[in-house]
Structure formats: C-alpha cells, structure tokens
Amino acid sequence: MTHPRKSLDAVIHAPVRFSIAAALASVDEADFRTLRDTIEITDSALSKQITLLEQAEYVKVHKSFVGKRARTRLSLTATGREAFTRHLAALRDIAEWEPDQGSGK
C-alpha cells in the first residue's frame, strides 16, 4: 500500500485554492465578492487562484453584466467536485494512517 499523501491533489492542496474549493463545494455558485470576503483574500489574489482552478477545469467562471457593472459568479465543475472529494478523502486517510500499514506487516 502506498502512503495516502500520493492521492492529494496538487492543484487543490494549496491553502487558498483549498479554501475556494471548500467554499464552492457547499453551494451551487458564489459571487466573486462573497467568496473573496468568505475566505478573506484580496481581489487580485483570488483572481489568480481562480485562474489556476479554471485552467485545471475545476472551476467555471460565469461573467455577466448588471447594468454597466460586471458580475462574476463561480462554481465547481463536476471534475472539481470529484477532485475536492478525493482530496478530502486523502486528507482523512493521512490523518488515520498507521505507520505499519505501508510495511506489509
């Protein structure tokens, strides 16, 4: 058996991206401002992390206009939800890991 850390998702594992995925996992979609305030991050830092999650096809960005104001809504894709679920399972497996599990004893 291999150590469960090998199942961690490198894209989601970064603390800010993990926080984004966790926040989005509990809703169908979230407004950019709400997400920014929820995870306590700047606009530019959130935008950068969203871009990485979007490139991995974990997050879908929905842009629209309300009057002349741009509105950005974010949601986890099915791929993103699956990756987040697997990542959480890997974290739980690490927390429950017993050192002799990997030795074949």
Side-chain angles (χ1 to χ4, degrees):
M1 178 175 196
T2 62
H3 193 277
R5 80 175 173 283
K6 294 180 181 179
S7 297
L8 290 172
D9 187 298
V11 174
I12 292 177
H13 193 64
V16 172
R17 291 191 299 271
F18 181 80
S19 297
I20 292 167
L24 292 176
S26 65
V27 296
D28 289 332
E29 65 178 15
D31 178 84
F32 184 93
R33 286 182 183 182
T34 301
L35 185 59
R36 176 201 62 204
D37 294 346
T38 298
I39 64 171
E40 301 174 348
I41 190 170
T42 65
D43 285 357
S44 62
L46 179 57
S47 183
K48 178 181 177 183
Q49 299 307 317
I50 290 296
T51 297
L52 293 171
L53 289 166
E54 188 178 26
Q55 289 171 347
E57 299 182 357
Y58 288 179
V59 169
K60 176 73 176 161
V61 177
H62 313 270
K63 293 191 180 259
S64 62
F65 283 88
V66 177
K68 293 185 178 185
R69 298 199 69 181
R71 183 173 181 180
T72 302
R73 302 198 52 82
L74 309 157
S75 61
L76 278 182
T77 63
T79 301
R81 285 188 187 279
E82 291 169 11
F84 182 70
T85 299
R86 283 192 312 273
H87 188 78
L88 280 179
L91 289 172
R92 286 185 188 103
D93 289 346
I94 291 168
E96 297 169 359
W97 179 258
E98 295 180 26
D100 64 338
Q101 281 181 276
S103 67
K105 293 181 183 178

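Side-chain atoms are counted along with the backbone in the values below, which use heavy atoms only and exclude waters and symmetry mates.
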(request) Could you tell me the separation between the NE2 atom of H87 and the CZ atom of R92, rounded to the nearest 0.5 Å? (result)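 H87 atom NE2 to R92 atom CZ measures 11.0 Å (nearest 0.5 Å).
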
(message) Once rounded to the nearest 0.5 Å, what's the spacing between atom CG of L91 and atom OG of S7?
(response)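 L91 CG to S7 OG: 10.5 Å, rounded to 0.5 Å.
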
(request) Identify the two heavy atoms, one from L8 and one from H13, that lie closest to each other, and give their separation to 0.1 Å. (result)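 What the structure gives for the nearest pair is CD1-CE1, 3.8 Å.
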
Identify each donor-acceptor pair in which a side-chain atom of residues 18-34 lies under 3.5 Å from a protein atom, sequence neighbours left out, and give them as a table.
{"from": "S19", "atom 1": "OG", "to": "P15", "atom 2": "O", "distance (Å)": "2.9"}
{"from": "S26", "atom 1": "OG", "to": "A23", "atom 2": "O", "distance (Å)": "2.9"}
{"from": "E29", "atom 1": "OE2", "to": "R73", "atom 2": "NE", "distance (Å)": "2.7"}
{"from": "D31", "atom 1": "OD2", "to": "R33", "atom 2": "N", "distance (Å)": "2.9"}
{"from": "D31", "atom 1": "OD2", "to": "T34", "atom 2": "N", "distance (Å)": "3.4"}

(request) Check whether any side-chain heavy atom of I94 lies under 4.5 Å from a side-chain heavy atom of H3, and answer yes or no. (result)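 The answer is yes, as the side chains (C-beta and beyond) meet within the 4.5 Å cut-off.
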
Could you give the side-chain donor-acceptor pairs of residues 46-62 under 3.5 Å, partners two or more places apart or in another chain?
{"from": "Q49", "atom 1": "OE1", "to": "R17", "atom 2": "NH1", "distance (Å)": "2.7"}
{"from": "T51", "atom 1": "OG1", "to": "S47", "atom 2": "O", "distance (Å)": "3.0"}
{"from": "Y58", "atom 1": "OH", "to": "D9", "atom 2": "OD2", "distance (Å)": "2.6"}
{"from": "H62", "atom 1": "NE2", "to": "S75", "atom 2": "OG", "distance (Å)": "2.9"}

